[in-house]
Amino acid sequence: MDDLAGYRIEPYVDGFLPTAHARIPRVRTRPTRLDRLGTCRARLGLDRNNYTVNPGLYAIGSPGPEAPVIVTANYKLTFDTVRFALTGRDLWLLVADTRGINIWCAGGKGTFSAGGIAEQVRKTGLERIVSHRRLILPQLGANGVRARDLRKACGFEAVFGPVRAGDLPRYLDNGIDEAMRAVTFSLRERAEVIPVELVLGWKLILTAILVTAVLSLVGPEFSLNAILQRWALAATATGFGLTAGAILFPLLLPALRTRLFSLGGAGLGLALAVLTPAIFPEHSWVATTGAGLWTVSLASWLALNFTGSTPYTSPSGVEKEMRKAIPILAGSTVLAAILFVTANFL
Amino acid sequence: MRNFRHLENVATLAYDRDRCVGCGLCATVCPHRIFAMRDGKAEVLDREACMECGACALNCPTSAITVTPGVGCADYIIQTWLPGKRGASCC
């Protein structure tokens with residue numbers, strides 16, 4: 001297989017395991033440079049929507065027919081997390097076709113489902129490779145997989161394993177415990193989503209910079225110096241908004257005294273906005289107030305948007321907060337623009 | 001996750017104890033540990049922790065649990081507000 005014309009072995013495969021039924025690719029369980037590079041690119045949102053591995057059956061170590069089968073998604077970040085957690089183990093990894101989406105989101109969308117897993121079981125001939133009839137599913141896939149449907153569809157029993165792949169070794173040795181069943185939102189987990197929020201927000205950032213550049217031109221005085229000063233003020237206000245809403249907010253989330261994301265973001269925005277008059281003493285208070293209001297509005301919106309990255313806000317709650325916050329944010333953004341332009345005429 | 005709470009009294013989670021057959025799947029799958037088994041029936045320990053992922057309701061064999069699952073991204077919700085924009089994408 002490794003010398004077939006036109007084929008190339010994936011860099012995460014280090015050999016093939018012969019079984020009576022088929023040759024199964026065996027995956028590496030330590031990251032290579034390519035894996036690390038790919039992780040960085042995905043975390044930066046560069047090819048996050050097309051970061052996949054081929055679905056099917058893989059081997060970790062040298063599993064036999066009795067070895068457990070762990071089911072995962074074909075998003076490569078997920079696939080990597082699972083195989084790197086299983087260094088030194090002998091087991092099977094059945095990768096479902098989730099269209100390159102992580103388990104939880106794929107479950108919600110219906111691409112990680114009993115039908116999809118059963119299809120991979122049939123395609124790979126799993127029932128001829130293992131002697132047992134048991135699949136270990138990630139617990140977070142339970143929003144897409146009805147366990148009894150899986151048994152009906154392919155005869156395999158679904159067992160929900162831990163939430164986090166990192167707990168798999170402990171789970172395989174000692175079984176489940178409460179801590180493995182609960183989601184967490186640690187500082188590290190919150191920090192990991194910051195880059196992608198910033199990169200995916202490039203349209204908003206670019207629009208903000210362009211609009212403020214245009215607003216800087218409105219006014220009776222057309223000296224290059226005056227325009228540059230206004231532009232520097234607007235760009236700083238936008239930068240403060242991004243810092244507060246997309247960096248400080250995720251990091252400080254559990255310490256904030258409010259449950260409202262928009263209010264928490266606005267508060268952090270305000271904490272930075274009060275620095276504006278000190279940094280730009282040459283501007284009138286009207287201009288710095290307008291800029292500060294823009295910082296607060298942007299930080300608030302970005303924080304509200306961060307609900308989508310958390311594992312605890314419900315769609316009902318997010319929608320309720322949005323209905324209240326968005327009209328206020330729209331109003332404060334317009335007011336910020338009016339103040340900013342008014343200052344050009346003073 | 002006790003430090004992480006959003007709005008109260010909004011989640012669509014509903015539980016009908018009479019229909020529960022005590023299989024315990026809800027207690028297994030809930031990532032916020034909302035259910036526990038007591039005297040052969042499920043019990044709701046912490047309804048306000050619900051994020052409406054839908055895992056419990058999907059796996060409940062008797063529909064004793066119901067919840068309207070959904071995607072909690074602001075972008076997605078805005079897309080559903082706009083006319084003619086169904087099946088918007090997220091994540």
Side-chain angles (χ1 to χ4, degrees), chain A residues 48-49 101-102 104-109 113-114 137 139-149 158-160 163 176 178-179 181-185 200 253-256 259-262 301-323 325-326, chain B residues 1-14 21 23-36 45-63 65 67-82 87-91:
Chain A
R48 186 165 160 269
N49 293 326
I101 305 289
N102 71 74
W104 213 358
C105 287
K109 285 166 184 243
S113 64
L137 269 52
Q139 186 191 326
L140 290 188
N143 61 340
V145 179
R146 194 185 267 135
R148 62 183 183 280
D149 287 358
V159 178
F160 290 108
V163 164
I176 201 83
E178 264 305 291
R181 287 246 175 267
V183 287
T184 52
F185 203 30
L200 291 185
L253 180 56
L256 298 175
R259 291 180 175 209
L260 295 169
F261 281 60
S262 50
W301 165 253
L302 291 171
L304 186 56
N305 220 14
F306 190 70
T307 50
S309 299
T310 76
Y312 69 95
T313 53
S314 68
S316 301
V318 176
E319 182 155 3
K320 186 177 176 185
E321 180 172 347
M322 283 173 68
R323 284 189 188 283
I326 286 177
Chain B
M1 294 298 289
R2 291 260 159 198
N3 294 332
F4 296 102
R5 286 299 165 113
H6 196 217
L7 306 183
E8 305 236 314
N9 296 316
V10 287
T12 50
L13 179 69
V21 290
C23 73
L25 263 176
C26 52
T28 297
V29 298
C30 178
H32 287 286
R33 318 311 297 142
I34 290 171
F35 297 96
L45 298 181
D46 189 6
R47 188 178 178 281
E48 292 307 327
C50 180
M51 63 168 295
E52 302 178 321
C53 75
C56 54
L58 181 72
N59 277 283
C60 179
T62 55
S63 303
I65 302 171
V67 63
T68 309
V71 180
C73 316
D75 269 353
Y76 178 87
I77 291 172
I78 289 176
Q79 286 176 58
T80 63
W81 288 351
L82 304 173
S89 66
C90 188
C91 299

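Convention: sequence-line order gives letters A, B, ...; per-chain numbering from 1. Atoms considered below: every heavy atom in the structure, side chains included; atoms not considered: hydrogens, waters and symmetry mates.
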Mind listing the closest non-hydrogen atom pair of [X] and [Y] along with its distance?
| X | Y | result |
| --- | --- | --- |
| S316(A) | T12(B) | OG-CG2, 3.8 Å |
| M51(B) | P315(A) | O-CD, 3.4 Å |
| N3(B) | P254(A) | CB-CB, 4.3 Å |
| I78(B) | M322(A) | CG1-CE, 3.4 Å |
| R33(B) | Q139(A) | NH1-NE2, 4.0 Å |
| C60(B) | R148(A) | O-NH2, 3.7 Å |

Taking every non-hydrogen pair under 4.5 Å, which of D149(A), V145(A), L140(A), L260(A) racks up the most with chain B?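 It is V145(A).
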Counting heavy-atom pairs under 4.5 Å to chain B, which of T307(A), V183(A), V163(A), T310(A) comes out on top?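 Ranked by contacts with chain B, first place is V183(A).
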Most contacts with chain A, counted as non-hydrogen pairs under 4.5 angstrom, among A11(B), P69(B), C56(B), P61(B): P61(B)
Select, from L7(B), T68(B), I77(B), L58(B), the one with the greatest count of heavy-atom pairs under 4.5 Å involving chain A. L58(B)
Pairwise distance OG(S314(A)) to CD(E48(B)) - rounded to 0.5 angstrom: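 Between atom OG of S314(A) and atom CD of E48(B) there are 9.0 Å.
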Taking the inter-plane angle between the rings of F4(B) and Y312(A) on a 0 to 90° scale, is it parallel (under 30°), tilted (30 to 60°) or perpendicular (over 60°)?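 Aromatic pair F4(B)/Y312(A) classed tilted.
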Just by modelled atom types, is the F261(A) backbone N or O under 3.5 Å from a matching donor or acceptor in the H6(B) side chain? no
Interchain contact, I326(A) with chain B, by part (heavy-atom threshold 4.5 Å):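 The side chain, not the backbone.
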F160(A) side chain reached by L25(B) side chain, heavy atoms, under 4.5 Å: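 Yes. Closest side-chain heavy atoms under 4.5 Å.
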Heavy-atom proximity to chain A below 4.5 Å, by part of C50(B):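 Just the backbone, heavy atoms under 4.5 Å.
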